Undergrad: 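What follows is a structure written as structure tokens; I'll ask about it next.
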Amino acid sequence: MKIFNTLTRTKEEFVPLEPGKVKMYVCGPTVYNLIHIGNARPMIVFDTVRRYFEYKGYQVDYVSNFTDVDDKIIKKAIEEGVDADTISKRYIAECKKDMEGMNVRPATRHPLATEEICGMLDMIQTLIEKGHAYAAEDGTVYFRVKSFKDYGKLSHKNLEDLQSGFREIKVTGEEGKEDPNDFVLWKPKKEGEPYWESPWCQGRPGWHIECSVMAKKYLGDQIDIHAGGEDLIFPHHENEIAQSESANDKPFATYWMHNAFLNIDNRKMSKSLGNFFTVREISEKYDLQVLRFFMLSAHYRSPLNFSADLMEASKNGLDRILTAAERLRELKGKAKEEKLSSQEEENAAVLAALTEKYEAAMDDDFNTADAISALFEMVKLANSTASEESSLAYVNLLLEKIDMLCQVMGILTERKKEALDQEVEDLIAKRQAARKERNFALADEIRGKLLEMGIVLEDTREGVKWKRV
């Protein structure tokens with residue numbers, strides 16, 4: 001298995017620190033609002049990475065945090081006249097709803113920054129004692145960038161060209177820096193902000209120290225994989241490396257993985273451009289399985305363009321897989337109780353080759369786009385070779401393989417059961433009565449009305465089936 005390592009800018013063979021185990025940290029969202037589809041991409045991508053490692057037999061310890069203390073959270077709290085904790089708890093709950101909708105499994109642990117303050121104070125103190133950090137007169141604590149000789153090794157930037165690693169809002173005490181590139185580990189409180197006691201001042205942690213501490217606590221001084229969006233390479237992940245390796249005197253993460261940006265209609269996603277979508281908004285039009293399938297339709301390191309046309313294409317592609325799986329489940333009740341025929345054995349060999357093709361794609365830096373192509377070939381094989389004349393063994397083989405490889409991608413192969421509203425139920429019942437009375441003109445009229453409502457009917461030997469369009 002090969003992974004493109006941002007640190008070395010090359011694909012490298014994956015060799016875990018401990019045989020059979022993967023320690024993986026993925027930066028989670030700052031919870032001040034509903035998550036947007038840009039947040040969704042790393043959630044889906046690295047959930048799939050985790051699932052594939054498990055498919056290959058690894059035990060994965062997967063940690064993804066929630067940043068629940070931040071300038072944006074505080075700003076939102078002030079606007080609503082509530083405390084920051086109310087905002088963060090609300091949007092953590094909403095985020096988990098969206099993750100469930102996208103079939104993103106909960107991490108092994110979802111630590112909260114506000115619950116790890118003691119660890120942050122300890123690491124900051126360690127950095128001060130080792131000469132990697134210093135406190136300004138107002139109590140702001142800075143990391144001394146020049147004390148870490150490898151600073152810039154992840155982003156491949158020259159130290160002289162770098163700007164300080166602040167987030168959008170700069171903190172008080174900036175004038176206390178020794179060097180413009182030094183970044184904040186601890187900052188003094190402002191009026192109305194949450195704060196904690198520290199040896200330097202009443203205040204709160206800088207953003208970067210949070211992940212260094214949580215990764216250390218839950219995974220150890222050294223981890224296999226650290227991941228997130230490419231916007232985190234600098235300064236966040238660069239600063240994490242500086243903090244963690246200076247404090248622990250060990251390499252931090254062996255592999256650094258970063259997904260590319262998501263664009264909207266070929267433009268960068270932006271509220272000001274009016275092309276900003278939350279996952280919740282997308283869920284009003286599409287099943288979030290479609291969003292997941294769309295996200296995996298391109299390699300995670302390739303920029304991905306979000307558009308209505310591409311979402312429709314993803315919906316249709318996913319429907320092909322679901323329809324094939326549905327048909328195989330129906331055939332299970334009709335297939336003969338026999339072993340594989342000689343032709344089915346040949347088809348099984350083709351299926352095995354397609355499985356190898358799928359795995360080869362995933363082994364090559366998690367190329368989900370090519371893996372999906374292999375899945376489509378399996379669907380084509382199933383549609384063209386499975387019938388009521390097939391053996392049960394063959395039908396089961398096809399269904400189990402397609403279902404298993406979809407599960408690796410977090411794709412559910414059974415459609416969600418939707419509750420029809422009473423009006424639609426009544427119309428379907430009325431149409432059935434009209435057909436029984438041989439009033440086909442009325443039956444067709446009702447079918448047309450349902451179609452206008454986005455309901456498509458299919459008359460089968462097993463009864464009427466329907467789906468939304």
Side-chain angles (χ1 to χ4, degrees), residues 1-29 42-43 45-54 56-67 104-113 115-116 119-120 122-124 126-127 132 143 148 150-155 185 205 207-259 300-301 365-366:
M1 186 187 297
K2 291 187 177 180
I3 296 175
F4 183 87
N5 191 349
T6 307
L7 190 66
T8 61
R9 293 185 176 178
T10 59
K11 284 184 187 178
E12 299 177 7
E13 194 73 29
F14 177 71
V15 180
L17 292 167
E18 186 177 347
K21 295 184 178 181
V22 179
K23 294 190 286 185
M24 186 172 180
Y25 188 93
V26 179
C27 288
M43 288 179 178
V45 163
F46 297 116
D47 176 67
T48 304
V49 169
R50 171 197 189 178
R51 288 169 181 268
Y52 188 66
F53 272 122
E54 291 175 342
K56 297 286 280 189
Y58 288 94
Q59 177 187 327
V60 183
D61 202 351
Y62 185 94
V63 177
S64 184
N65 69 302
F66 288 115
T67 295
V104 172
R105 289 167 48 198
T108 311
R109 297 174 188 82
H110 280 293
L112 306 180
E115 295 178 357
E116 309 296 339
M120 296 176 203
D122 288 344
M123 182 173 281
I124 292 170
T126 297
L127 290 170
H132 294 291
F143 184 89
F148 184 65
D150 291 331
Y151 193 82
K153 67 180 180 179
L154 181 68
S155 57
L185 300 174
W207 177 36
H208 314 299
I209 194 70
E210 298 171 7
C211 290
S212 284
V213 168
M214 288 185 275
K216 177 183 175 71
K217 178 176 179 179
Y218 294 105
L219 295 172
D221 291 353
Q222 293 180 275
I223 66 176
D224 294 295
I225 298 171
H226 199 312
E230 67 179 3
D231 56 313
L232 299 181
I233 295 173
F234 182 83
H236 187 48
H237 288 167
E238 193 72 72
N239 291 352
E240 277 192 68
I241 290 174
Q243 294 164 160
S244 295
E245 297 190 1
S246 295
N248 303 326
D249 295 319
K250 294 177 181 178
F252 181 23
T254 308
Y255 307 91
W256 289 83
M257 298 178 67
H258 294 94
N259 64 274
Y300 76 92
R301 286 191 290 111
D365 193 31
F366 305 97

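Note that the coordinates shown come from a computational prediction; the quantities given were computed from them, not determined experimentally.
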Undergrad: Show your working on salt bridge (charged side-chain N to carboxylate O under 4.0 Å, His left out) between Lys153 and Glu245 and close with a plain yes or no.
TA: CA-CA 12 Å; Lys153 67 180 180 179; Glu245 297 190 1; 2.9 Å; yes
Undergrad: If I take atom CD from residue Glu210 and atom CD from residue Glu240, how far apart are they, to the nearest 0.5 angstrom?
TA: 10.0 Å
Undergrad: Do Leu7 and Tyr255 have side chains that approach each other closer than 4.5 Å (heavy atoms only, starting at C-beta)?
TA: no
Undergrad: Mind checking whether Lys216 and Asp221 have side chains closer than 4.5 Å, heavy atoms only?
TA: yes
Undergrad: Using a distance-only test with no angle check, is there a side-chain donor-acceptor pair under 3.5 angstrom linking Tyr218 and Glu116?
TA: yes
Undergrad: If every non-hydrogen atom of Ser155 is compared with every non-hydrogen atom of Glu238, which pair is closest and at what distance?
TA: OG-OE1, 2.6 Å
Undergrad: To the nearest 0.5 Å, tell me how far Ile225 CD1 sits from Tyr25 OH.
TA: 15.0 Å
Undergrad: Assess the pair Phe53 and Phe366: is the distance between their ring centroids shorter than 6.0 Å?
TA: yes
Undergrad: Compare all side-chain heavy atoms of Phe46 with those of Arg50 and state whether any distance is below 4.5 angstrom.
TA: no
Undergrad: Any heavy-atom pair between the side chains of Asn239 and Phe148 that's under 4.5 Å?
TA: no
Undergrad: Which atoms form the tightest heavy-atom contact between Gly28 and Asn65, and what is the distance?
TA: N-OD1, 2.9 Å
Undergrad: Does a side-chain heavy-atom distance below 4.5 Å link Phe4 with Glu12?
TA: no
Undergrad: How would you list, by chain and number, every residue that makes a ring-ring contact (aromatic ring centres under 6.0 Å, His included) with Tyr300, sequence neighbours excluded?
TA: none
Undergrad: So, Asn248 side chain and Lys250 main chain: donor-acceptor pair closer than 3.5 Å or not?
TA: no
Undergrad: Which atom pair, heavy atoms only, marks the closest approach of Ser212 to Gln243?
TA: OG-NE2, 2.8 Å
Undergrad: In chain order, what residues pass the side-chain contact (heavy atoms from CB on, under 4.5 Å) check against Ser64, with sequence neighbours excluded?
TA: Val26, Tyr62, Ala107, His110
Undergrad: Looking only at non-hydrogen atoms, find the nearest pair between Leu154 and His237 and report the distance.
TA: CD2-CB, 3.4 Å
Undergrad: If you measure from CE on Met123 to NE2 on His132, what distance do you get to the nearest 0.5 Å?
TA: 11.5 Å
Undergrad: List the steps and the verdict of side-chain contact (heavy atoms from CB on, under 4.5 Å) for Met24 and Val49.
TA: CA-CA 10 Å; Met24 186 172 180; Val49 169; 3.7 Å; yes
Undergrad: Report the residue from Val60, Thr254, Asp224 that forms a side-chain contact (heavy atoms from CB on, under 4.5 Å) with Lys23.
TA: Asp224
Undergrad: Report the distance from atom OG1 of Thr6 to atom NE2 of His258, rounding to the nearest 0.5 Å.
TA: 5.0 Å
Undergrad: Of all heavy-atom pairs between Cys27 and His226, which one has the smallest distance, and what is that distance?
TA: SG-CE1, 3.5 Å
Undergrad: Nearest 0.5 Å, please: how far is CG in Leu185 from CD1 in Ile209?
TA: 5.0 Å
Undergrad: Keeping the roles fixed (side chain from Asn5, backbone from Trp256), state whether a donor-acceptor pair exists under 3.5 Å.
TA: yes
Undergrad: At their closest point, which heavy atom of Pro111 faces which heavy atom of Val63, and how far apart are they?
TA: CD-CG1, 3.7 Å
Undergrad: Compute the ring centroids of Phe14 and Tyr58, then answer whether they are less than 6.0 Å apart.
TA: yes
Undergrad: Determine yes or no for a side-chain-to-main-chain donor-acceptor pair under 3.5 angstrom, with Gln59 supplying the side chain and Lys21 the backbone.
TA: no
Undergrad: Would you please name every residue forming a ring-ring contact (aromatic ring centres under 6.0 Å, His included) with His236, sequence neighbours left out?
TA: Trp207, His208
Undergrad: Answer whether the closest heavy-atom distance between the side chains of Glu54 and Arg105 falls below 4.5 Å.
TA: yes
Undergrad: So, taking the atom named OG1 in Thr10 and the one named CD1 in Ile3, what distance separates them when rounded to the nearest 0.5 Å?
TA: 11.5 Å
